[in-house]
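Accompanying notes for the structure given below.
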Amino acid sequence: MPMPKAPGGGGGQDVVELLEEQHARLRRLFDEVVRREGAAREERFGELAGLLAAHEAAEEEMLHPFARDRIEDGERIIGERLEEEKRVRAGLHALEELGVEAPEFAERCAALRDDLLAHAQAEEREEFARLRETSERDQLENLAKAVKAAQAVAPARPGRRAPL
């Protein structure tokens, strides 16, 4: 029987908390990239691309395989998330190719943000919530440690990781 989340309890951060925090950070970074220009946009875009690459790589390597076996209809749910992640990676790569100074960059970045937000909401609703129902707190905490380790060695930019 899964254990309830201990509010401020003695355990560490669990994987759902970690990834939801990263989703919030990605939302903020997308907003900053769209609002800024020049070198500031380039800097924030680099930060965004790096976080997104590490985030998605860790989800694909650690979280999704764990969830696929634990949640009802896991194969379908994870398959849908992987397709969304592939589209987000392709969109980010297209933005990298376009360059932050292109006139259409902000508009295309905002559209990619919307795609990412829809993906994050589906992930939180369909995958993360079900993981909380089917997993023990210590399992989710251990998975958070594994995700952090995977992110520490993930490539800095998604377009430079592997073919889409």
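Sorted by first then second residue, the salt bridge (charged side-chain N to carboxylate O under 4.0 Å, His left out) pairs that include residues 26-38, not counting sequence neighbours, are Arg27-Glu124, Asp31-Arg113, Glu32-Arg36, Glu32-Arg44.
A distance of 4.5 Å separates CD of Glu56 from NE2 of His119, quoted to the nearest 0.5 Å. With rounding to the nearest 0.5 Å, the separation of CG in Leu95 from CZ in Arg108 is 6.0 Å. Distance CZ/Phe30 to CG/Leu52: 6.0 Å, rounded to 0.5 Å. In this structure, the separation between CD on Glu123 and CD1 on Ile78 is 8.0 Å, given to the nearest 0.5 Å. Here the CG atom belonging to Leu29 is positioned 11.0 Å from the CD atom belonging to Gln22, to the nearest 0.5 angstrom. To the nearest 0.5 angstrom, Ile71 atom CD1 is 10.0 Å from His64 atom NE2.
Among Glu60, Glu83, Glu96, the single residue meeting the salt bridge (Lys or Arg N to Asp or Glu O under 4.0 Å) criterion with Arg89 is Glu60. Under the salt bridge (Lys or Arg N to Asp or Glu O under 4.0 Å) rule, Arg81 has a single partner from Glu75, Glu127, Glu126, which is Glu126. None of Glu133, Arg130, Gln139 except one satisfies the side chain to side chain contact (heavy atoms under 4.5 Å, CB included) rule with Arg70; the exception is Gln139.
Residues Leu116 and Leu51 share a hydrophobic cluster, clusters being chains of Ile/Leu/Val/Met/Phe/Trp/Tyr side chains in contact below 4.5 Å.
Leu63 places a side-chain heavy atom less than 4.5 Å from the side chain of Leu131. Leu140 places none of its side-chain heavy atoms less than 4.5 Å from the side chain of Phe128. Residues Arg68 and Leu82 have side chains in contact (heavy-atom distance under 4.5 Å, counting atoms from C-beta outward). When side chains are defined from C-beta on, Asp14 counts as touching Arg132, because their heavy atoms get closer than 4.5 Å. By the 4.5 Å heavy-atom criterion applied to side chains, Glu21 and Gln13 are counted as neighbours. Contact of the Leu19 side chain with the His55 side chain is registered, since non-hydrogen atoms from C-beta on lie closer than 4.5 Å.
Minimum heavy-atom separation, Gly38 to Val100: O-CG2, 4.3 Å. When every heavy atom of Ala106 is checked against every heavy atom of Val34, the shortest pair comes out as O-CG2, 4.0 Å.
Under the 30°/60° scheme for interplanar angles, the aromatic rings of Phe105 and Phe45 are found to stand perpendicular.
Glu141 contributes a side-chain N or O that, together with a main-chain N or O of Gly12, makes up a donor-acceptor pair within less than 3.5 Å.
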